[in-house]
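Worksheet: the structure to be examined is printed underneath.
Chain naming here is simple, since letters A, B, ... match the order of the sequence lines and numbering starts at 1 in each.
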Amino acid sequence: MTFRDNCYNLLMQIPKGKVTTYKAIANKLGSKAYRAVGSAMKNNPNAPQVPCHRVVKSDGSIGEYAYGKNKKIKLLKDEGLSIKGGKIVDFTAVFYEF
DNA sequence: CTGTTGACTCCGG
DNA sequence: ACCGGAGCCAACA
């Protein structure tokens, strides 16, 4: 098990229509490797099995995405979320806590 | 083993 | 609201 695998496991727990943050993931892993989490997503050898698009920044903004953040936004919208001005609308309501 | 890098976060100006 | 700097940690060269 590597740090990355743990990230993916958590990621898969996120139900459709919900999102989480890099911070939340790191925190759940008992670490503060926010950035390492991002790197793990970037690699994402398990896509699309692992919904890395459900991970956003702590302030509710989209962040980055391997296939372009625009794509990320689209995917999230397809899952029932609303994004406005690059930020998630009603972020606290769709935030998933592990 | 050391150094650099990043899909980040927090805090100050 | 916007920008910059410091802190964080795993992965990779």
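Of the options A:Arg54, A:Lys18, A:Lys16, a side-chain hydrogen bond (donor to acceptor under 3.5 Å, both in side chains) to A:Glu79 is made by A:Arg54 and by none of the others.
To the nearest angstrom, C1' of C:dA1 lies 13 Å from CG of A:Asp59. The separation between A:Tyr34 atom OH and C:dC9 atom P is 8 Å, rounded to whole Å. With rounding to whole Å, A:Ile25 atom CD1 is found 15 Å from C:dA10 atom P. Protein atom NZ of A:Lys23 is 15 Å distant from nucleotide atom C1' of C:dC9, rounded to whole Å. Going from atom OH of A:Tyr8 over to atom C1' of C:dA10 covers 11 Å, rounded to whole Å. Nucleotide C:dC8 holds its C1' atom 13 Å from the CG atom of A:Asn27, rounded to whole Å.
Counting any heavy atom pair closer than 4.0 Å across all strands shown, A:Ala36 reaches a base atom. Across all strands, A:Tyr65 comes closer than 4.0 Å to base atoms (heavy-atom distances). Across all strands shown, A:Ala40 has no heavy atoms under 4.0 Å from either base or sugar-phosphate atoms.
Of all the heavy atoms in A:Cys52 and A:Asn44, the pair that sits closest is SG-ND2, 2.5 Å. Here the closest heavy-atom approach between residue A:Met41 and residue A:Tyr22 is recorded as CG-CE2, 4.2 Å. Here the shortest heavy-atom pairing between A:Ala40 and A:Tyr8 reads O-OH, 2.8 Å. When all heavy atoms of A:Thr21 and A:Lys57 are compared, the pair lying nearest together is CG2-O, 3.6 Å.
If you find the closest nucleotide of DNA chain C to A:Lys87 and to A:Lys32, the one lying nearer the 5' end belongs to A:Lys87.
Residue A:Phe3 places its side chain closer to C:dA10 than to any other of C:dC12, C:dA10, C:dG7.
Nucleotides of DNA chain B that come within less than 4.0 Å of any heavy atom of chain A span, from the 5' end to the 3' end, B:dG6 to B:dC10.
Judged purely by atom type and a 3.5 angstrom limit, A:Lys72 uses its side chain to pair as donor or acceptor with the backbone of A:Ile62. Judged purely by atom type and a 3.5 angstrom limit, A:Lys23 has no side-chain atom pairing as donor or acceptor with the backbone of A:Tyr34.
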